[in-house]
Structure formats: structure tokens, C-alpha cells
> 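Have a look at the structure that comes next, please.
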Amino acid sequence: MQLIFNLILDLILAGFWIWISMQRRLHEAEEKLMMEQERFLDELVGQYARRGDMLEALEESMQVCSSRAQHELMELLDALRTEQGPEDGGYLGTGTKNACFLLLFTLCYTIRSFGDLRIQGVSLFVHNIRYIKEEVRTELLRRQEGRYAFLGLTALCVVPFFFSIPIQLWSASISEELDRFYTGTYGFVTLTVCFFLSVFCMICVQELQYPTMPGARKHTVAMRLLKLPALAMLVDRRIAAHYSHYLKKNEALKELQGFGNIREFLVQKILCALGSVLLAGAILAGCVLTGAGKRPPGVWGGGVGTLGILAFFGVVGYLLPDAWVIILQVRTGQQKSEETLRFETLILIVMHYERITVEEILRWMERFSLIFSRALQRAVDDFSYQRRESLEQLKEDLAYEPAVKLVDALIVCDDIPVAQAFYDLEGERAYHMEQHRQKAESLQREKAAFARVIAFLPFVSLLALRLVIPFVLEGLTQLGSY
């Protein structure tokens, strides 16, 4: 029975490994797309120099791209040919877009609207493409270095568990007395620990290499459950009893753009707690079904011990969303740096046109933002009737120095042209990009080192719990019998 249970865990772990591998292939596809974007931008510069027409250059240059990139570029071309502006939806309203294509659309839309200029004898279109290419190359190099730094760590988390059955069979062939360490309670508990440790370490390595941030929110399970009057009343009473605490928590959740409001977050905590209790119950039931439950009375303390185990898992599950929020808040700093660099690139693209306005720049920044989207949306809504006050409030809402400097320059645009207000932006962007690159490299090295430690935990646990400890205990037992 224990071998069958072990085989079932092997199949589950293999399926989970396949799913993780598929997710990694998606990230590798993104890396290939960036390589295509770099080649495309080089080709675009050459085609524009030969043809002098932006749309023709785009159409010819896309031939070097794969079907996926060509599909994105065709959408971009269609939006430019139909003269759809961002306010009409168009290209920006057709789903999540790659940052490179968003910047390229901004550049092409600006050139189409205001015409091409020459900066120190160089076409503004060509001059600005190098900013986009620089962002693509920086991100591509970071991903390539990360891929080599994390190479093989996911497999190292998984493969050791598949040796649990060979270890059990080999141990039984050496001594029949060792079988009690694999078929009893000890065997079930250690096998379950090794399994969940392998899954946990695999998820950790994946998250360290490809950190995720909440994306666009859909109609979640929490939102559906809140339609139940009884649950909604229970959540509202909880919030009312600790209003000041949950008010601060609600503001923190809004910055993450993924957890919704505090009511949905509390429902998520309840769901995680229930899921953890069900998981603990399944483990205890599995212990009985596999024969490990045949134990002397009082091993787990009877019903009291079982309730204690379930309560422990429930508390851990209830706190998991809070832990995930803390992790996301740490990652938000890196996201703020990336978004600010994109804002600087955006402003460099549009700032040379005299007809560009501060309100238009704010609207473009809002379309490019995730972390700062709420603050920028508020500024855009208030700008028409509270011009100066909306920008001052935006500085307080952003609370990130490089982004605040951009808002200071936007305030100055009331007195001087946009190009003069941002006269030193290119140097600032170069400094921020180098600073961002160094921080990203340092953080990636630290995460890779931590991931290597995590990846060895399943191997060490299997070796100690399923091989070393049983042999040592059996040796001590035999020595005690003499």
C-alpha cells in the first residue's frame, strides 16, 4: 500500500514538473521575442533610411520576425493606418501589450501626428528608436544571465524524490527489519514531508527566477463569494471592528494592483485557511488508508491531536496571503524603477514637439503604468480643473524620488517649453538605467545563490529521512540487543 501511495505522489510531482516546465518555456519564448525585437529595430532603421516612409518601413521590417511578433506589428500597423488615437482604444485597447511594442506605437503615433524632425542632423524617429532598443537589450541580457544562473535548479528540486521507491526496495533487500521505517507512521510522514518540500522548493526556485506581479484582475472567486449576504455581512463586521488597521491595509493592497480591496483580501484569507485544513485532513486520511494509522493509542493525542494539527494548518493558510503581500511589496520597488525608466523613455520620445501638452504626457504615462496607475489616473481626472493642485497631489501619491522629479519638470512646463523642462532627461535616464541594471544584477546573484541552497533541500531531506536515519536507528537497535 505504501508503494502505491509513493507511486501516486511520483505521478503528481511529475505532472507538476511538466506544468512548471511549460511555464518556463513561455518565459523562454518571451526571451526569443526580445531577440526578434532587437533584430526588427535594426532592420527598421535601415528600411526607414532607404524608403523615408514610416509605414512602409514597418511593413518591410516585420518580415524578419516570427508569426507572433508579426501579429503584434500588424495590429500596430492597422491602428496607425486607420488613424486611431489612444483615446479611441485602438491598439492600446486590444489586450496586454509588450513594452517594446507599446513604446514603438507611441513613437509611430507621435511621428504620424506631428511629423518627423531632425535632432542634430539625425531623424527623430531614428534617434528615438535607440532608446527602445536600449531597453530591449538591457532586459534581454538580464534574462539570459538569469537563465544560466538558475540552470538545472528546478530538476534538482524534483529528481531526488523519484529515488524514494528504489531506496525503499534496496533497504528491504538488505534487512527486513528496515521495512518498518517505510511502511509505518514514520514512513508515511517522511514521504509526505519530502513530497511537499520538493513542490515548495520547485515553486520557490520558479518565483526567484521569474518573479510574478498581479496583473489585470478578473471576476475572481472572492468577488463571487462576496455576493453572498451572510459572508459579506461577516466580512463587513470584521472590518468595522478593526477599521483603522484595515484602512491602512486597503491602501497597501491598492498599490499592488492585484488583490482588490480589503473585503476581497479577507475572503481570500478564509479560502486559503479552508484549503489548508482540507489538505491537512487529506494527509491524515491518507495516513490511515495507507496503514500508517495503525498505531498505539495516543501517538497523535487522539482527537485532540488531530484537531491541533488541523488548527495549525488553518492558521498557516490564513496567514499565507499576508506573507505573499509582503513579498510583492518588496518586488514593487523594482517595478517602480522599471516604470520610471519607461516614463523617461516616453518623455524623450514626445518632448521635442511644441504641440505636446502636459495632459497628453500624463495620459501616455497612465497607459504605460501598473504600479503608479491609480495615482496617474487621479491626476488625469483632476488635471482639467485643478492643474497645479493635481500635479502636487501626484507627487505625494507617487512617493518615489525619480518619478517625483519627472512631475516637478511637468509643473515647470507651465512657464517654459517641454523640451527645456526636460533638457537633462537623457543624462538622468542613462544614470537611472545604469543604477537599475546594477541593482538588478546584484539582486539576481543573491536570488540565484539562495535558489541553489533551496534546490538542495529535497535531496538532503530524502537522504537524511529515508536513508541515513533508518539505518542509524536500526544499527543502534541491533547494538542494544547484544
Side-chain angles (χ1 to χ4, degrees), residues 1-25 27-28 146-211 276 279-280 282-284 286-287 289-292 313 316 320 445-476:
M1 192 67 180
Q2 197 86 357
L3 289 175
I4 296 175
F5 177 69
N6 197 331
L7 184 60
I8 292 173
L9 293 183
D10 284 344
L11 294 175
I12 294 174
L13 188 61
F16 197 76
W17 188 12
I18 292 172
W19 180 77
I20 289 289
S21 299
M22 292 174 62
Q23 298 299 313
R24 297 176 75 85
R25 289 193 186 97
H27 290 289
E28 291 172 3
R147 179 160 50 86
Y148 289 114
F150 286 83
L151 189 63
L153 295 184
T154 303
L156 187 59
C157 294
V158 179
V159 171
F161 186 79
F162 295 122
F163 286 91
S164 57
I165 291 180
I167 288 175
Q168 180 176 346
L169 296 176
W170 176 72
S171 301
S173 66
I174 294 177
S175 173
E176 294 182 357
E177 297 297 327
L178 287 169
D179 194 52
R180 60 192 175 93
F181 292 101
Y182 300 98
T183 58
T185 303
Y186 176 85
F188 177 85
V189 171
T190 55
L191 186 64
T192 305
V193 168
C194 291
F195 171 77
F196 282 106
L197 186 61
S198 297
V199 173
F200 175 76
C201 292
M202 185 165 43
I203 295 174
C204 287
V205 170
Q206 176 75 3
E207 280 294 319
L208 287 170
Q209 184 175 1
Y210 301 110
S276 299
L279 177 62
I283 293 174
L284 295 177
C287 183
L289 292 175
T290 55
F313 273 79
V316 171
L320 276 179
R445 285 194 297 268
E446 293 176 2
K447 291 195 296 185
F450 186 51
R452 283 191 285 270
V453 174
I454 291 176
F456 274 97
L457 290 179
F459 169 75
V460 173
S461 65
L462 184 75
L463 185 67
L465 296 176
R466 305 284 291 178
L467 189 62
V468 175
I469 293 178
F471 274 81
V472 170
L473 292 178
E474 181 62 21
L476 294 175

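Side-chain atoms are counted along with the backbone in the values below, which use heavy atoms only and exclude waters and symmetry mates.
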> Please name the pair of heavy atoms, one in Leu457 and one in Cys201, separated by the smallest distance, quoted to 0.1 Å.
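In terms of heavy atoms, the two residues are closest at CB-SG, 4.0 Å.
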> If you measure from CG on Leu178 to CZ on Phe471, what distance do you get to the nearest 0.5 Å?
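Answer rounded to 0.5 Å: 5.0 Å.
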> Less than 4.5 Å apart, side chain to side chain, heavy atoms only: is that true for Leu208 and Ile454?
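A side-chain contact exists here, since the closest heavy-atom pair is under 4.5 Å.
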> To the nearest 0.5 Å, how far apart are OG in Ser198 and CZ in Phe195?
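With rounding to 0.5 Å, OG (Ser198) is 8.0 Å from CZ (Phe195).
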> Within a strict 4.5 Å, meaning less than it, do heavy atoms of the Leu3 and Leu169 side chains meet?
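Side-chain contact under 4.5 Å: yes.
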> Calculate, to the nearest 0.5 Å, the distance between atoms CD1 and CG belonging to Ile165 and Asp10 respectively.
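Ile165 CD1 to Asp10 CG: 4.5 Å, rounded to 0.5 Å.
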> Ignoring hydrogens, what is the shortest heavy-atom contact between Ala455 and Cys157? Give both atom names and the distance.
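So the two residues come closest at CA-SG, 3.6 Å.
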> Give the intermediate values and the outcome of side chain to side chain contact (heavy atoms under 4.5 Å, CB included) for residues Gln206 and His27.
CA-CA 11 Å; Gln206 176 75 3; His27 290 289; 4.1 Å; yes
> Could you tell me whether the side chain of Leu197 reaches within less than 4.5 Å of the side chain of Ser461, counting heavy atoms only?
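SC-SC contact between Ser461 and Leu197 confirmed.
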> Given side chains that start at C-beta, do those of Arg180 and Glu474 come closer than 4.5 Å, heavy atoms only?
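Result yes, sub-4.5 Å side-chain heavy-atom pair found.
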> Is there side-chain contact between Pro458 and Phe161, with heavy atoms separated by less than 4.5 Å?
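Answer no - side chains too far apart.
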> Does atom CZ (Phe16) have a neighbourhood of more than 12 heavy atoms from anything else shown, all under 6.0 Å?
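Yes, because the 6.0 Å sphere around CZ of Phe16 holds more than 12 heavy atoms from other groups.
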> Is any side-chain heavy atom of Leu467 less than 4.5 Å from a side-chain heavy atom of Trp170?
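A side-chain contact under 4.5 Å exists here.
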> Determine, for Arg147 against Glu28, whether the closest basic-nitrogen to carboxylate-oxygen distance falls under 4.0 angstrom.
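Here Arg147 does not pair with Glu28 in a salt bridge, since their nearest N and O are not under 4.0 Å apart.
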> Could you tell me if the ring centre of Phe5 sits under 6.0 Å from that of Phe188?
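Yes, ring centres under 6.0 Å apart.
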> Between Arg466 and Thr190, is there a side-chain donor-acceptor contact under 3.5 Å, judged purely by atom types and distance?
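The answer is yes; a qualifying pair exists.
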> For the NZ atom of Lys447 and the CD atom of Glu207, what is their distance to the nearest 0.5 Å?
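If I round to the nearest 0.5 Å, the distance is 9.5 Å.
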> Return yes when atom CZ of Phe456 has more than 12 non-hydrogen atoms of other residues, nucleotides or ligands closer than 6.0 Å, and no otherwise.
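Result for CZ/Phe456: open.
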> Does atom CZ (Phe162) have a neighbourhood of more than 12 heavy atoms from anything else shown, all under 6.0 Å?
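More than 12 within 6.0 Å, yes.
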> Measure the spacing between CD1 of Ile4 and CG of Leu9 and express it to the nearest 0.5 Å.
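The CD1 atom of Ile4 sits 12.0 Å away from the CG atom of Leu9.
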> Judged by atom type as modelled, is there a donor-acceptor pair below 3.5 Å linking the side chain of Tyr186 to the main-chain atoms of Leu465?
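Side chain of Tyr186 to backbone of Leu465, a donor-acceptor pair under 3.5 Å: yes, one is there.
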> Looking at every heavy atom in both Trp17 and Val159, which two are closest together, and how far apart are they?
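It is CH2-CG2, 4.0 Å.
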> SG/Cys194 to CG/Leu463 distance, rounded to the nearest 0.5 angstrom?
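Nearest 0.5 Å value for the SG-CG distance: 10.0 Å.
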> Do Met202 and Leu13 have side chains that approach each other closer than 4.5 Å (heavy atoms only, starting at C-beta)?
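Touching, per the 4.5 Å side-chain cut-off.
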> Contact between Arg24 and Tyr210 at the side-chain level, heavy atoms closer than 4.5 Å - yes or no?
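Yes, at least one pair of side-chain atoms sits under 4.5 Å.
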